[in-house]
Number of protein chains: 2
Amino acid sequence: MTTLENVAKLAGVSTATVSRTLNTPEQVESTTRAKVTDAIAKTGYKRNEMARTLASQSSRTIGLLTDTFSSSYFSPILEITTKILHQHGYFTLVEAMGSTPSTTSSETQNRAWHSLTSRQVESVILLSGLINDDLLRRMFSEFPSSVIIGQTIKGAEDRCVSFDHYKGGQLAAEHLLKKGHRQIAMIKGSSYREDSVERAQGFKDELAANNIKLDADAIFEGDYTVDSGRAATKKILKKRDNFTAIFSHNDDMAAGAISELHIAGVDIPNKMSIIGFDNSAIAQAVHPQLTSISQPIKAMGHSAAILALNLSKSQRNKNEFEQPQLRFSPEIIERHSVKQLNTVAEQ
Amino acid sequence: MTTLENVAKLAGVSTATVSRTLNTPEQVESTTRAKVTDAIAKTGYKRNEMARTLASQSSRTIGLLTDTFSSSYFSPILEITTKILHQHGYFTLVEAMGSTPSTTSSETQNRAWHSLTSRQVESVILLSGLINDDLLRRMFSEFPSSVIIGQTIKGAEDRCVSFDHYKGGQLAAEHLLKKGHRQIAMIKGSSYREDSVERAQGFKDELAANNIKLDADAIFEGDYTVDSGRAATKKILKKRDNFTAIFSHNDDMAAGAISELHIAGVDIPNKMSIIGFDNSAIAQAVHPQLTSISQPIKAMGHSAAILALNLSKSQRNKNEFEQPQLRFSPEIIERHSVKQLNTVAEQ
DNA sequence: ATGAAAGCGCTAACAC
DNA sequence: GTGTTAGCGCTTTCAT
């Protein structure tokens with residue numbers, strides 16, 4: 001392991017000079033800079049980021065904390081955030097906390113959090129989803145440079161990147177209504193998730209505004225997996241035979257629904273329409289391709305990264321970033337899973 | 001920021017003692033241990049892993065280097081490796097290098113590598129895929145404690161976790177043959193990927209062993225995306241009308257194929273059978289559910305993690321792990337996308 | 001069983 | 001523009 005000191009000796013300068021040519025090259029004369037650069041090349045020197053962190057009291061790293069690595073949000077968020085952070089000389093550290101409060105030991109959660117903070121992250125990006133998760137909120141409050149994607153926390157709105165789930169639900173209802181659907185079933189997500197209750201509420205309210213009531217027996221619960229969508233659909237088919245459309249709270253469950261409908265011989269969209277949520281990769285892979293409410297994940301990740309950078313210690317840098325967009329709106333991506341029903345005056 | 005020294009003062013002991021009660025509690029008397037534990041609780045002390053790394057000359061962290069974070073392998077591998085590494089007090093650091101040699105600047109690649117090594121990772125798990133990637137191989141050779149998932153490198157077989165892609169190709173062919181198929185198209189992956197060429201070779205060889213030739217005009221190329229599967233399938237349908245089956249080099253492309261066949265009104269599996277590769281999540285989400293060659297990703301990740309741990313510096317630990325399985329075999333997961341053709345004596 | 005002290009590799013005043 | 005030096009927070013001999 002070559003150290004700064006080795007390089008310094010070889011170049012015939014002090015360690016400070018080597019450090020300078022590495023960090024602020026403009027402060028060192030070009031001739032000495034050349035000597036140093038040479039020595040670095042010869043020795044194959046690589047700086048030790050750990051020592052650097054300790055000495056400079058700044059780690060130039062930002063944590064990304066998710067519920068589970070298999071979440072469909074995780075990869076795109078990780079991709080965009082690392083890209084941006086790298087552009088600014090920052091590293092990313094990832095940890096997972098477990099998908100639900102109950103499923104995960106608080107030990108796991110604490111370990112994840114500790115793993116991040118003990119490594120001196122300057123900010124952490126919380127990938128939310130869990131509601132009632134006191135821990136998450138506590139982390140958010142206790143770590144003043146953390147930002148959160150997915151919910152808005154009172155009194156700290158400027159650290160929250162959020163999405164209008166309520167409006168997303170409305171949009172889904174509006175679309176189905178416009179297409180003439182009146183008998184609609186909903187496959188919702190866990191009641192633990194705030195986003196899911198908001199989606200449900202927006203959907204219900206929009207229907208209600210059009211004098212349509214979403215009956216309790218038209219609501220089915222899933223856990224965001226393909227299989228749970230399949231199971232819910234089985235129940236839907238058993239329950240009543242006059243539904244013409246299904247609103248699913250995510251695309252995976254919608255895919256399960258589609259699969260189950262195929263098996264039951266129900267034609268999509270002619271006998272049953274379906275609309276998903278998230279516009280994730282799977283929406284384009286199923287047949288018919290799924291109409292879905294899109295959440296601009298990448299853009300939200302982008303905002304979060306900028307926010308995190310702004311809040312970082314090392315960000316004593318003169319050039320601050322412009323304040324990024326914090327609130328994002330849904331958009332409907334029409335594909336081929338919703339049918340225009342023949343005009344019928346009333347349900 | 002409370003430091004070890006603060007804790008030591010409050011407890012009325014030396015920093016060494018605090019350090020010991022943290023790392024080797026059995027070496028400190030229970031009464032003093034209690035004092036220290038108290039002080040730690042009172043101050044809310046969290047150890048600084050960076051300083052610890054520097055002082056102990058071991059980072060207890062292992063790098064995971066992938067081509068892209070959106071790879072379908074990445075999440076499951078990350079999930080299993082972090083789980084195992086955590087169990088042994090290790091952290092995981094992730095980086096992405098870019099998906100193909102051409103698509104990515106060598107700067108990006110070097111940055112990724114540097115990000116890992118400069119942070120003193122004790123081992124790195126390379127998630128392979130790229131062939132001809134000198135850089136990857138160079139990293140592997142230059143970093144004696146690195147391990148690789150996905151290919152076997154001569155002279156370092158004990159650091160390689162690999163999968164028998166050739167046999168996978170054979171298995172696919174054997175299955176199709178057994179089901180009576182003779183006119184078969186193949187959607188292969190990039191020729192840059194060794195795994196893909198092996199899959200193709202195994203497939204061809206098995207067909208040849210049964211006196212069936214896979215003509216050049218029955219081979220179509222994709223890039224592992226759903227869309228490329230769709231595009232390839234368009235070509236297949238245009239090319240000839242007597243294919244009865246398609247072998248796709250991954251499930252995403254197979255999903256694209258299924259989608260395109262649906263659009264073209266080709267019944268699956270009655271008019272066209274299809275078999276995928278990887279047995280990834282999407283295989284269960286499409287309709288009909290996809291028969292696929294499974295790659296035991298989780299098990300492979302497990303092996304890699306154990307291997308990495310064994311090669312780590314800090315692993316001066318007395319208790320070594322048993323040598324994990326290094327070579328994995330394919331398995332066919334039958335679902336509903338391949339039809340048993342009515343017995344026809346000859347093609 | 002515990003303490004003193006010397007670093008780990010680097011940065012950042014502060015001098016020159 | 002460059003060198004000297006004092007740490008950053010911890011671990012780890014080496015004494016006691």
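These numbers were taken from a predicted model, which means no experiment stands behind them. Just so we're on the same page: letters track the sequence lines, and every chain starts at 1.
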- Work out how much the helix from C:dA1-D:dT16 to C:dC16-D:dG1 bends between its end axes, five pairs an end, to the nearest 10 degrees. 30°
- Item | Distance, rounded to the nearest Å, where A:Met1 contributes CE and C:dG9 contributes C1' | 10 Å
- Only counting residues at least two apart or in another chain, list the ones meeting side-chain hydrogen bond (donor to acceptor under 3.5 Å, both in side chains) with B:Ser162. B:Thr152, B:Arg327
- Query: Where does the angle between the aromatic ring planes of A:Phe69 and A:Phe74 fall among parallel (under 30°), tilted (30 to 60°) and perpendicular (over 60°)?
  - Reply: tilted
Nucleotide N/O of nucleotides 2-6 of chain C paired with protein N/O under 3.5 Å:
from: C:dT2; atom 1: OP1; to: B:Thr32; atom 2: OG1; distance (Å): 2.9
from: C:dT2; atom 1: OP2; to: B:Glu29; atom 2: N; distance (Å): 2.9
from: C:dT2; atom 1: OP2; to: B:Thr32; atom 2: OG1; distance (Å): 3.1
from: C:dG3; atom 1: OP2; to: B:Ser14; atom 2: N; distance (Å): 2.9
from: C:dG3; atom 1: OP2; to: B:Ser14; atom 2: OG; distance (Å): 3.1
from: C:dG3; atom 1: OP2; to: B:Thr17; atom 2: OG1; distance (Å): 2.5
from: C:dG3; atom 1: N7; to: B:Arg20; atom 2: NH1; distance (Å): 3.4
from: C:dG3; atom 1: N7; to: B:Arg20; atom 2: NH2; distance (Å): 3.4
from: C:dG3; atom 1: O6; to: B:Arg20; atom 2: NH2; distance (Å): 2.4

- Nearest whole angstrom, please: distance from the C1' of D:dT11 to the CE of B:Met50. 17 Å
- Item | Distance, rounded to the nearest Å, where B:Tyr45 contributes OH and D:dG9 contributes C1' | 7 Å
- When the distance from NZ of A:Lys9 to P of D:dT2 is rounded to whole Å, what number comes out? 20 Å
- Task: For A:Arg119 and D:dC10, give me the distance from atom CZ to atom P, rounded to whole Å.
- Result: 16 Å
- Should B:Arg33 and B:Asp38 count as an ion pair when the cut-off is N to O under 4.0 Å? no
- Item | Rounded distance in Å - CZ (A:Arg52) to P (C:dC10) | 10 Å
- Give B:Thr3 one of three labels, base, sugar-phosphate or nothing, depending on what nucleic acid heavy atoms sit under 4.0 Å from its own. sugar-phosphate
- Message: Tell me the interatomic distance from B:Asn48, atom CG, to D:dC8, atom C1', rounded to whole angstroms.
- Response: 8 Å
- salt bridge (Lys or Arg N to Asp or Glu O under 4.0 Å) between B:Lys9 and B:Glu5, intermediate numbers included: CA-CA 6 Å; B:Lys9 253 168 209 151; B:Glu5 203 177 340; 3.5 Å; yes
- Message: Nearest whole Å is fine: how far is D:dT11 P from B:Gln57 CD?
- Response: 13 Å
